[in-house]
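Keep in mind that this is a model prediction, so the values were computed, not measured. Naming convention: chains lettered A, B, ... in sequence-line order (proteins, then strands); numbering from 1 in each chain.
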Amino acid sequence: MPELPEMENYRRLLSNKLLGRRIVGVTIHRERSINVPVESFIEQTKGQTIQRIGRRGKQIIFDLENGRVLLLHLMLGGWMYLGTQEDRPDRTFQVILDFGNISLYFIGLRLGYLHLLSQEQLEEVLSHLGPEPDSPLFTSGMFSDKLRKKRGMLKPVLVDQKVFAGIGNCYSDEICFEAHLLPMRKCQELSDDELLELYLATRLVLGQATEMGGYMENPLFLGDHLTGGYDERCKVYDRGGEPCPRCGTLITKDEITSRKTFYCRGCQH
DNA sequence: AGTGAGACCCGAACGC
DNA sequence: TGCGTTCGGGTCTCAC
């Protein structure tokens, strides 16, 4: 599901294509995807140009010239396509933003949404999120301090958006694998060395995954060969029963706090 | 505080 | 081909 690397990849690619572009039409096929009446949504978005595209955790923020923002959370299975009626995928679209020669299609928004908010409302929503793993504030000291205070297992803490923003089910497993740590380890029992390994693994995995376009394979636009490039680099996620690329042991598929979890019994401890 | 269960949601994938 | 069924999971809330 879309996590920090996928959303940051989207943010970068969409910034290249949409900054300064004007929304000339808005189509809402699913009213539940938005948070205000359709007429109001259209009135406040149609005619607006995209001033900036930001990201916080797993959410993308489109700044409009009227000071309002569109906050996108894809939740599970949501994705986007930027293109024409001719090259767009054969899927159902919940929302379409029309930019003239191209449109931005929002697909698979079941629990996901595109909310129109004021700056104040945006701040309130984002205030519940922990720090960004790709910010300069994300130091090994801060990382270790936070984890040492947690009594639970590693994986549930990593995917907790209030602890760090942007890590989800896939990358929490990949980070644990990279750090040679089992996801059910208790945070408080991790040594200083293990915490450092985990910190470095978090930066490495999220950084590489972002640069390689994330693991979700649907291209964002025609000729987009970047998005999804990390899929083949995922070492354990969704690879239950396959041999571990590091030691050959078959990858275990398990469940931790009702989340599907993958790890290697051979080289994660 | 951490964990687990239930609700939310519905298109796509699957099975016959 | 076509219809009915199953599945997926991030987030929130509540109970323990």
Side-chain angles (χ1 to χ4, degrees), chain A residues 1-11 27-35 38 55-61 71-81 88-96 105-115 117 121-122 124-133 145-176 182-190 206 209 214-219 228 231 234 236-240 253-263:
Chain A
M1 297 305 106
E3 305 174 27
L4 186 153
E6 287 69 37
M7 299 311 274
E8 178 61 18
N9 177 59
Y10 274 148
R11 190 197 67 77
T27 309
I28 309 293
H29 288 301
R30 178 178 179 269
E31 293 191 32
R32 304 182 77 147
S33 296
I34 60 175
N35 60 326
V38 173
R55 180 191 59 75
R56 186 79 170 86
K58 303 175 184 175
Q59 294 160 90
I60 282 181
I61 301 138
L71 178 70
L72 172 70
H73 198 319
L74 293 173
M75 296 286 266
L76 45 131
W79 52 290
M80 288 181 276
Y81 186 79
R88 70 188 189 184
D90 182 20
R91 296 294 174 94
T92 41
F93 313 111
Q94 286 74 48
V95 178
I96 305 171
Y105 297 90
F106 296 85
I107 304 158
L109 298 185
R110 290 172 204 155
L111 302 181
Y113 50 80
L114 184 67
H115 283 179
L117 303 175
Q121 291 171 313
L122 176 69
E124 156 59 18
V125 171
L126 299 184
S127 68
H128 303 288
L129 292 176
E132 291 290 319
D145 286 347
K146 279 202 160 231
L147 287 195
R148 271 193 282 258
K149 288 178 192 155
K150 292 289 175 182
R151 289 192 291 179
M153 291 182 283
L154 186 45
K155 171 154 177 140
V157 170
L158 286 178
V159 300
D160 185 343
Q161 301 303 294
K162 296 189 293 299
V163 180
F164 305 115
I167 302 171
N169 210 36
C170 169
Y171 292 107
S172 60
D173 285 358
E174 293 299 319
I175 288 166
C176 288
L182 288 167
M184 66 288 281
R185 285 286 298 279
K186 289 288 201 312
C187 290
Q188 290 193 329
E189 294 169 4
L190 296 174
L206 295 179
Y215 79 97
M216 290 194 4
E217 296 191 272
N218 296 312
D231 181 57
C234 285
V236 290
Y237 183 71
D238 232 359
R239 296 194 188 281
K253 178 181 180 180
D254 202 347
E255 199 176 283
I256 297 180
T257 57
S258 354
R259 287 164 178 275
K260 151 176 109 156
T261 304
F262 302 88
Y263 53 86

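Side-chain atoms of A:Ile256 and A:Pro156, non-hydrogen and from C-beta on, do get closer than 4.5 Å to each other.
The interatomic distance linking A:Lys260 (NZ) with C:dG8 (P) rounds to 6 Å, in whole Å. Straight-line distance from the CZ atom of A:Phe106 to the P atom of B:dC10: 18 Å, rounded to whole Å. Per the geometry, CG belonging to A:Asn218 stands 12 Å off C1' belonging to B:dA12, to the nearest Å. If you take CZ of A:Arg110 and C1' of C:dC7, they are 9 Å apart, rounded to a whole angstrom.
Residues that satisfy the salt bridge (charged side-chain N to carboxylate O under 4.0 Å, His left out) test with A:Arg185, not counting sequence neighbours, are A:Glu194. Shown here are the ring pair (Phe, Tyr, Trp, His ring centres under 6.0 Å) partners of A:Phe106, two or more places apart in sequence or in another chain: there are none. With sequence neighbours excluded, the residues satisfying side-chain contact (heavy atoms from CB on, under 4.5 Å) with A:Arg148 are A:Ser144, A:Asp145, A:Asp192, A:Leu195. Scored by the ring pair (Phe, Tyr, Trp, His ring centres under 6.0 Å) test, A:Tyr237 finds A:Tyr215, A:Phe262 as partners (sequence neighbours excluded). With sequence neighbours excluded, the residues satisfying salt bridge (charged side-chain N to carboxylate O under 4.0 Å, His left out) with A:Arg56 are A:Glu132. With sequence neighbours left out, A:Tyr81 forms a ring pair (Phe, Tyr, Trp, His ring centres under 6.0 Å) with no residue at all. In this structure, the salt bridge (charged side-chain N to carboxylate O under 4.0 Å, His left out) partners of A:Lys260, at least two apart in sequence or on a different chain, are A:Asp238.
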Using atom names, set out every protein N or O paired with an N or O of nucleotides 1-3 of chain B below 3.5 Å, distance rounded to 0.1 Å.
residue: B:dA1; atom: O4'; partner: A:Arg151; partner atom: NH2; Å: 2.9
residue: B:dG2; atom: OP1; partner: A:Arg151; partner atom: N; Å: 3.0
residue: B:dT3; atom: OP1; partner: A:Met153; partner atom: N; Å: 3.4

Polar atoms only, N or O, under 3.5 Å: list the protein pairs with nucleotides 10-12 of chain C and their distances.
residue: C:dG10; atom: OP2; partner: A:Arg259; partner atom: NH1; Å: 2.3
residue: C:dT11; atom: OP1; partner: A:His73; partner atom: NE2; Å: 3.0
residue: C:dT11; atom: OP2; partner: A:Lys58; partner atom: NZ; Å: 3.2

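Between A:Thr92 and the phosphate of B:dC10, there is no side-chain N or O to OP1/OP2 separation shorter than 4.0 Å. Applying the 4.0 Å criterion to OP1 and OP2 of B:dC10, one finds that A:Arg30 has a side-chain N or O inside that range.
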